[in-house]
**Q** 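I'd like to ask you about the structure that follows.
In the text below, chain A, chain B and the rest are named by the order of the sequence lines, each starting its count at 1.
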Amino acid sequence: MDFKHKLINWYSTNKRPLPWRETNNPYHIWLSEIILQQTQVKQGLPYYEAFINKYPTIYDLAKASETAVLKLWQGLGYYSRARNLHTTAKHIVNNLEGEFPDNYKDLLQLKGVGDYTASAIASFAFNEVAAVVDGNVYRVLSRYFGIETAINSTKGIKEFKTLATTLIDKENPATYNQAIMEFGALQCKPKNPNCSTCPLQISCVAFQKKKVDALPVKQKKTKITTKYFNFLVYIDNNHNTLFEKRDTKGIWQNLYQFPLIESNKSLNSEEFHLMDLDNSFLKVNSVDYSLYNETDIVHKLSHQHLYTKFWVIMVEELPIDAIPIESLIKYPTPVLISDFIEVFKF
DNA sequence: AAAGCGGGGGG
DNA sequence: CCCCCAGCTTT
């Protein structure tokens, strides 16, 4: 048996039952693929169910507000996926008469859809012979063929895509694509792969050369920057607070937060008192305020560490755009903020 | 070619 | 602590 048939054979007895494998609906498949970008199945599954329930068709998603879509996406991260998801839904409904593009080339034009996702939708929904190359595929192929080209280099990306294209089962592209990814996720895992029970062991170059742990090769790592965030949690006599939309580019775009002041170091109460707060609503030194957390709450993103303090500021009355504290939960927020709202006793 | 973008989980 | 996850877009 050759490579592709061994994989498909393994898949037939080891696959997990997943909802997006039970459908040919391109909308459902697209939704699942966007959710699963850089996200493990376990983490994405409940979000998939929630989106299918709230937005059963692409028309439902298209007519939703971006805020509502972001709210349902809250906690999943990489929020540009949600914004692009919504943009693409509107595009398909408004410009393509609700008809999903049905081939790799056209799918690739959609916002938020790259080579992997276009290949996945084309094969799963339309049975097109388009090879997927995700993190699992990189790992399986680099190990099995002993390829040491960095998977995140331009050369590596081309090399692996070409190889994947030669390997795909042209009779069963969808099943083959599912099989190699599932194999990478369950058998040929990043750490402690199950080589002893692997059906490909005998012909696996990495196993024979004892290089399984060294593959795949990946170049460089992202360097992490540290930032210091001070959130201003205003509370007035009417039980209102200030909440604002992050409208700038960068992290958490279009999500909501308490007014934020960034500092170049972690501030104690005295330093905060002295800070020039001209950009905030009130002069802090003229009001009653307290520090919620003495030690910084450290929120770690993939390339930023956020050292955070929440300053609670009592005032008599906030401006007209203040919102009732009870309505905070309606807004999409970063996990850092939603965690605070959940724990803080307003 | 490199950087930016989340949050959770494994070892 | 580090790495990885059904990657894509922008610079």
Side-chain angles (χ1 to χ4, degrees), chain A residues 15-16 18-21 29-48 70 73-85 87-88 107-124 130-140 150-158 160-161 164 174 177-186 188-193 213-225 227 246 248-255 298-306 332-339:
Chain A
K15 66 175 172 182
R16 295 166 288 184
L18 297 172
W20 45 84
R21 288 180 177 158
I29 291 171
W30 164 66
L31 176 59
S32 75
E33 293 303 339
I34 302 300
I35 287 173
L36 292 172
Q37 288 168 3
Q38 293 292 283
T39 303
Q40 295 193 343
V41 166
K42 184 180 175 185
Q43 188 187 4
L45 190 50
Y47 286 84
Y48 175 80
L70 284 170
W73 198 273
Q74 179 177 305
L76 197 53
Y78 285 151
Y79 296 94
S80 66
R81 290 184 293 171
R83 298 192 303 270
N84 289 335
L85 186 82
T87 298
T88 291
L107 287 162
L108 202 50
Q109 303 307 312
L110 303 175
K111 259 204 176 72
V113 174
D115 181 82
Y116 163 77
T117 305
S119 302
I121 301 171
S123 62
F124 300 154
V132 294
V133 183
D134 72 336
N136 295 305
V137 175
Y138 280 121
R139 188 168 55 256
V140 172
I151 61 173
N152 55 345
S153 65
T154 304
K155 183 169 175 239
I157 292 168
K158 258 183 80 176
F160 282 95
K161 178 71 178 183
N177 277 340
Q178 293 279 12
I180 190 168
M181 287 193 288
E182 190 80 332
F183 182 79
L186 302 182
C188 195
K189 299 176 294 181
K191 306 283 185 185
N192 305 322
D213 291 334
L215 292 172
V217 173
K218 209 168 174 178
Q219 55 184 202
K220 67 180 172 278
K221 31 199 113 185
T222 59
K223 77 166 190 210
I224 293 172
T225 61
K227 291 186 175 176
R246 291 183 65 95
T248 56
K249 287 191 301 181
I251 61 171
W252 301 332
Q253 188 182 356
N254 292 2
L255 274 62
V298 185
H299 190 76
K300 294 180 177 179
L301 308 181
S302 48
H303 58 293
Q304 291 182 38
H305 287 183
L306 309 175
T333 71
V335 166
L336 176 61
I337 302 296
S338 56
D339 281 354

**Q** From CG of A:L36 over to P of B:dG8, roughly how many Å is that when rounded to an integer?
**A**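 Distance check: A:L36 CG to B:dG8 P gives 16 Å.
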**Q** Using a 4.0 Å heavy-atom cut-off, does A:G75 contact any base of the nucleic acid, only the sugar-phosphate backbone, or nothing at all?
**A**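 Sugar-phosphate, backbone atoms only, no base.
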**Q** Just the endpoints, please: which first and last nucleotides of DNA chain C, 5' to 3', lie under 4.0 Å from a heavy atom of chain A?
**A**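 For DNA chain C, the relevant span reads C:dC1 to C:dT11.
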**Q** In terms of the nearest nucleotide of DNA chain B, which residue is placed more toward the 5' end: A:Q304 or A:S153?
**A**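 Closer to the 5' end of DNA chain B: A:S153.
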**Q** If you count heavy atoms of other groups shown closer than 6.0 angstrom to NZ of A:K15, is the number above 12?
**A**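 No, not enclosed.
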**Q** Just how far, in rounded Å, is C1' of B:dC5 from NZ of A:K111?
**A**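 That distance rounds to 17 Å.
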**Q** Answer with yes or no whether A:Q43 presents, from its side chain, a donor or acceptor under 3.5 Å of a partner atom in the base of B:dG9.
**A**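 Result: no qualifying N/O pair found.
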**Q** Set out, in order, the CA-CA distance, both residues' side-chain angles and the distance that settles side-chain contact (heavy atoms from CB on, under 4.5 Å) for A:V137 and A:M181, then state yes or no.
**A** CA-CA 6 Å; A:V137 175; A:M181 287 193 288; 4.0 Å; yes
**Q** Is A:H303 near enough to B:dC5 that one of its side-chain N or O atoms lies under 4.0 angstrom from OP1 or OP2?
**A**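 It does, given that an N or O in the side chain of A:H303 lies less than 4.0 Å from OP1 or OP2 of B:dC5.
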**Q** Measuring only the P atom in each nucleotide, how far is C:dC3 from B:dA3? A whole number of Å is fine.
**A**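 Those two atoms are separated by 16 Å.
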**Q** Roughly how far, to the nearest 0.5 Å, is OG1 of A:T333 from CG of A:L70?
**A**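 The OG1 atom of A:T333 is 10.5 Å from CG of A:L70, to the nearest 0.5 Å.
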**Q** Please state how far atom CD1 in A:I35 lies from atom C1' in B:dG7, giving the value in whole angstrom units.
**A**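 Atom CD1 in A:I35 sits about 15 Å away from atom C1' in B:dG7.
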**Q** Any chance you could measure A:E182, atom CD, to A:N136, atom CG, to the nearest 0.5 Å?
**A**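 With rounding to 0.5 Å, CD (A:E182) is 8.5 Å from CG (A:N136).
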**Q** Would you compute the distance between atom CD1 of A:I224 and atom CD of A:Q304 and round it to the nearest 0.5 angstrom?
**A**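 The CD atom of A:Q304 is 10.0 Å from CD1 of A:I224, to the nearest 0.5 Å.
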**Q** Hydrogens and angles aside, do A:Y116 and A:E33 bring a side-chain donor and acceptor to less than 3.5 Å of each other?
**A**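 A pair is found: one side chain offers a donor N or O, the other an acceptor, under 3.5 Å apart.
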**Q** Is A:W73 touching bases, backbone alone, or none of the nucleic acid, heavy atoms closer than 4.0 Å?
**A**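 If one applies the 4.0 Å heavy-atom cut-off, A:W73 turns out to touch nothing in the nucleic acid.
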**Q** If you assign A:N192 and A:Y79 each to the DNA chain B nucleotide with the nearest heavy atom, which residue ends up on the more 5' nucleotide?
**A**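 Final value for this comparison: A:Y79.
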**Q** Give the rounded distance in Å between these two atoms: OH of A:Y78 and P of B:dA3.
**A**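 Whole-Å distance recorded here is 14 Å.
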**Q** Among A:L108, A:L110, A:I29, which residue satisfies the side-chain contact (heavy atoms from CB on, under 4.5 Å) criterion with A:I121?
**A**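 With A:I121 as partner, A:L108, A:L110, A:I29 yield a single side-chain contact (heavy atoms from CB on, under 4.5 Å), made by A:I29.
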**Q** Hey, does A:N177 reach any base, or is it just sugar-phosphate, or nothing, if we go heavy atoms under 4.0 Å?
**A**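 Since no nucleic acid heavy atom lies under 4.0 Å of A:N177, the category is nothing.
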**Q** Mind calculating the distance between CG (A:D213) and C1' (B:dG11) to the nearest angstrom?
**A**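 Atom CG in A:D213 sits about 12 Å away from atom C1' in B:dG11.
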**Q** Quick one: label A:V137 by what it contacts on the DNA or RNA (base, sugar-phosphate, nothing), any heavy atom closer than 4.0 Å.
**A**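 Result for A:V137 = nothing.
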**Q** Return whichever of A:K191 or A:K249 has its heavy-atom-nearest nucleotide of DNA chain C closer to the 5' end.
**A**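 Counting from the 5' end, the first nearest nucleotide belongs to A:K191.
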**Q** Phosphate oxygens OP1/OP2 of B:dG7: is one of them under 4.0 Å from a side-chain N or O of A:H299?
**A**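 Indeed, a polar side-chain atom of A:H299 lies that close.
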**Q** Please check if atom NZ in A:K189 has more than 12 non-hydrogen atoms from other residues, nucleotides or ligands closer than 6.0 Å.
**A**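 Counting neighbours around NZ of A:K189, more than 12 heavy atoms of other residues, nucleotides or ligands fall under 6.0 Å, so yes.
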**Q** Taking the side chain as every heavy atom from C-beta outward, state whether A:T88 and A:W30 have any atom pair closer than 4.5 Å.
**A**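 A side-chain contact under 4.5 Å exists here.
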**Q** Give the rounded distance in Å between these two atoms: CG of A:L301 and P of B:dG4.
**A**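 Distance check: A:L301 CG to B:dG4 P gives 13 Å.
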**Q** Only Watson-Crick and G-U wobble pairs, only distances under 3.5 Å, only runs of 3 or more: what stems does that leave for DNA chain B?
**A**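 Counting only runs of 3 or more consecutive pairs, the stems involving DNA chain B are B:1-5 with C:7-11, B:7-11 with C:1-5.
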**Q** At 4.0 Å (heavy atoms only), tell me whether A:G44 reaches a base, stays on the sugar-phosphate, or touches nothing.
**A**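 The residue A:G44 makes no contact with any strand.
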**Q** Out of B:dG8, B:dC5, B:dA3, which has the shortest distance to the side chain of A:S302?
**A**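 Within the option list, the nearest is B:dC5.
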**Q** Got A:I34 and A:W73 here, is their nearest side-chain heavy-atom distance under 4.5 Å?
**A**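 The answer is yes, as the side chains (C-beta and beyond) meet within the 4.5 Å cut-off.
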**Q** Using the closest heavy atom to pick a nucleotide of DNA chain C for each, name whichever of A:K300 or A:E182 lands nearer the 5' end.
**A**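 Its nearest nucleotide being more 5', the pick is A:K300.
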**Q** How many whole angstroms separate atom CG of A:N152 from atom C1' of B:dA3?
**A**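 After rounding, the reported distance stands at 12 Å.
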**Q** When the C1' atoms of C:dA6 and B:dG11 are compared, how many Å lie between them, rounded to an integer?
**A**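 Straight-line distance between the two C1' atoms is 22 Å.
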**Q** Just call it for A:T222: base, sugar-phosphate, or nothing, with non-hydrogen atoms closer than 4.0 Å on any strand.
**A**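 A:T222: no heavy atom of the nucleic acid under 4.0 Å.
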**Q** With no angle test and no hydrogens, is the base of B:dG8 tied to the side chain of A:T39 by a donor-acceptor pair under 3.5 Å?
**A**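 It does not, because no donor-acceptor pair links the side chain of A:T39 to the base of B:dG8 below 3.5 Å.
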**Q** With a 4.0 Å cut-off on heavy atoms, is A:Q178 in touch with a base, just the backbone sugar-phosphate, or nothing at all?
**A**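 Counting heavy atoms under 4.0 Å across all strands, the contact made by A:Q178 includes a base.
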**Q** Please tell me if the side chains of A:I337 and A:W252 come closer than 4.5 Å, counting only heavy atoms from C-beta onward.
**A**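 A:I337 does not reach A:W252 side chain to side chain.
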**Q** Under 4.0 Å, heavy atoms only, any strand: does A:R139 hit a base, just the sugar-phosphate, or nothing?
**A**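 If one applies the 4.0 Å heavy-atom cut-off, A:R139 turns out to touch the sugar-phosphate alone, with no base involved.
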**Q** Could you check how far CZ of A:R83 sits from P of B:dG4, rounded to whole Å?
**A**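 Spelled out: CZ on A:R83 to P on B:dG4 is 16 Å.
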